[in-house]
Amino acid sequence: MTISQNDYELDQLFTKWFEDQNLDKPLPLKTWIAQYPQYTQEFISWAANAPLLARPENGTTDPDLEAQVIEIGTKTLMQALERTHLAADAMHNLLDQGKKIGLQPQELAVKIGVGRMLLARLNQCLIQAETIPVSIISKLAETLEVQFETVQVYLSGPARLSTAVNYKADQVPRAGEKRSFQAAVEASTDLTHEEKMRLLQE
């Protein structure tokens, strides 16, 4: 059997997740799903079976208790994931959500404390989600009047094309490549040096 790149990546991801679960303060499930949405079902399965994965090799366990723990865990995780997906589906993009509550893009950029260029990149999911400061995501969620997870999941999605871009019929539109938050801030020509330094210290 040939091991595909996806299989190798999933194996490495499981090792990373399992090691994190043994820490005093492991990352919550929603954080992993937000960073790797393509492996949502795998994370749910791993989390649901966590009691079995953590079982001592020479220990003994109650099969009925294991089954009950897994059943409860699975239901809880599925309900939480469903709420997250429903919340994410309710917001098609940041700018439209802003307009729904009466904020034009420039006003939204001012309230969040970012420039128009950086807001545009956030709206198009062109910034690596794991590099975006939690404070920025929190400000977006609070200003747009949506849940933190809604914004987090949205920003973790694939890069999107700008709705303002026009292209010829014989051209295939392509979204830009994602870059780090720091790189996006540094490339924003509509931000002053002081504004960039403030954002990089978030």
Side-chain angles (χ1 to χ4, degrees), residues 3-51 53-54 73-95 97 112-114 118-144 146-161 174-188 199-202:
I3 300 177
S4 68
Q5 181 63 32
N6 285 343
D7 291 334
Y8 177 77
E9 179 180 289
L10 190 59
D11 182 65
Q12 295 297 307
L13 187 57
F14 173 78
T15 300
K16 182 178 179 181
W17 172 85
F18 187 69
E19 291 176 348
D20 176 79
Q21 297 307 296
N22 290 316
L23 298 178
D24 292 335
K25 294 183 178 180
L27 293 174
L29 175 65
K30 63 183 180 182
T31 300
W32 289 100
I33 291 176
Q35 292 185 18
Y36 304 97
Q38 69 272 34
Y39 294 126
T40 293
Q41 294 303 319
E42 283 78 6
F43 280 121
I44 291 175
S45 176
W46 297 342
N49 287 281
L53 295 173
T74 301
K75 287 182 179 180
T76 302
L77 292 170
M78 289 300 293
Q79 290 171 353
L81 184 62
E82 182 178 359
R83 287 195 298 270
T84 299
H85 281 175
L86 288 175
D89 290 342
M91 185 177 70
H92 297 294
N93 67 63
L94 304 178
L95 301 187
Q97 181 64 26
I112 304 304
V114 299
L118 188 58
L119 178 60
R121 295 193 70 84
L122 287 167
N123 187 57
Q124 293 175 248
C125 301
L126 292 177
I127 300 179
Q128 297 162 354
E130 65 273 16
T131 69
I132 302 174
V134 172
S135 59
I136 296 295
I137 301 177
S138 295
K139 289 177 185 177
L140 277 167
E142 181 179 356
T143 303
L144 294 174
V146 296
Q147 297 179 8
F148 177 89
E149 290 81 3
T150 300
V151 178
Q152 189 177 43
V153 171
Y154 176 85
L155 296 174
S156 301
R160 301 163 180 252
L161 287 169
R174 297 179 62 186
E177 293 184 359
K178 295 198 176 198
R179 61 174 64 180
S180 69
F181 181 79
Q182 179 177 344
V185 169
E186 293 174 345
S188 297
L199 285 168
L200 293 178
Q201 292 174 358
E202 288 279 353

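The distance from the CD1 atom of I137 to the OG1 atom of T150 is 11.5 Å, given to the nearest 0.5 Å. Here CD1 of I132 is found 7.5 Å from OG of S156. Values are rounded to the nearest 0.5 Å. The CD atom of Q147 sits 9.0 Å away from the NZ atom of K30 when rounded to the nearest 0.5 Å.
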Quick one, W32 with D20, criterion side-chain contact (heavy atoms from CB on, under 4.5 Å). Give me CA distance, side-chain angles, the key distance, then yes/no. CA-CA 11 Å; W32 289 100; D20 176 79; 3.6 Å; yes
Set out, in order, the CA-CA distance, both residues' side-chain angles and the distance that settles side-chain contact (heavy atoms from CB on, under 4.5 Å) for V146 and L140, then state yes or no. CA-CA 8 Å; V146 296; L140 277 167; over 6 Å; no
Could you walk me through whether L199 and L118 pass side-chain contact (heavy atoms from CB on, under 4.5 Å), step by step? CA-CA 11 Å; L199 285 168; L118 188 58; 3.9 Å; yes
Give the C-alpha distance, both sets of side-chain angles, the deciding distance and a yes or no for side-chain contact (heavy atoms from CB on, under 4.5 Å) between F181 and I136. CA-CA 10 Å; F181 181 79; I136 296 295; 4.1 Å; yes
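Within the 3.5 Å criterion, the main-chain N or O of S180 finds no donor-acceptor partner in the side chain of T131. In terms of modelled atom types and a separation under 3.5 Å, the side chain of Q97 and the main chain of L144 share a donor-acceptor contact.
Scored by the salt bridge (charged side-chain N to carboxylate O under 4.0 Å, His left out) test, E186 finds no partners at all (sequence neighbours excluded). For E130, there are no side chain to side chain donor-acceptor pair (under 3.5 Å) partners at least two apart in sequence or on another chain.
With contacts defined as side-chain heavy-atom distances shorter than 4.5 Å, the pair L122/I112 does not qualify.
When all heavy atoms of L155 and K178 are compared, the closest pair comes out as O-NZ, 3.8 Å. In this structure, C125 and Y154 approach most closely via the heavy-atom pair SG-O, 3.1 Å. Nearest heavy atoms, N123 versus L94: OD1-N, 2.8 Å.
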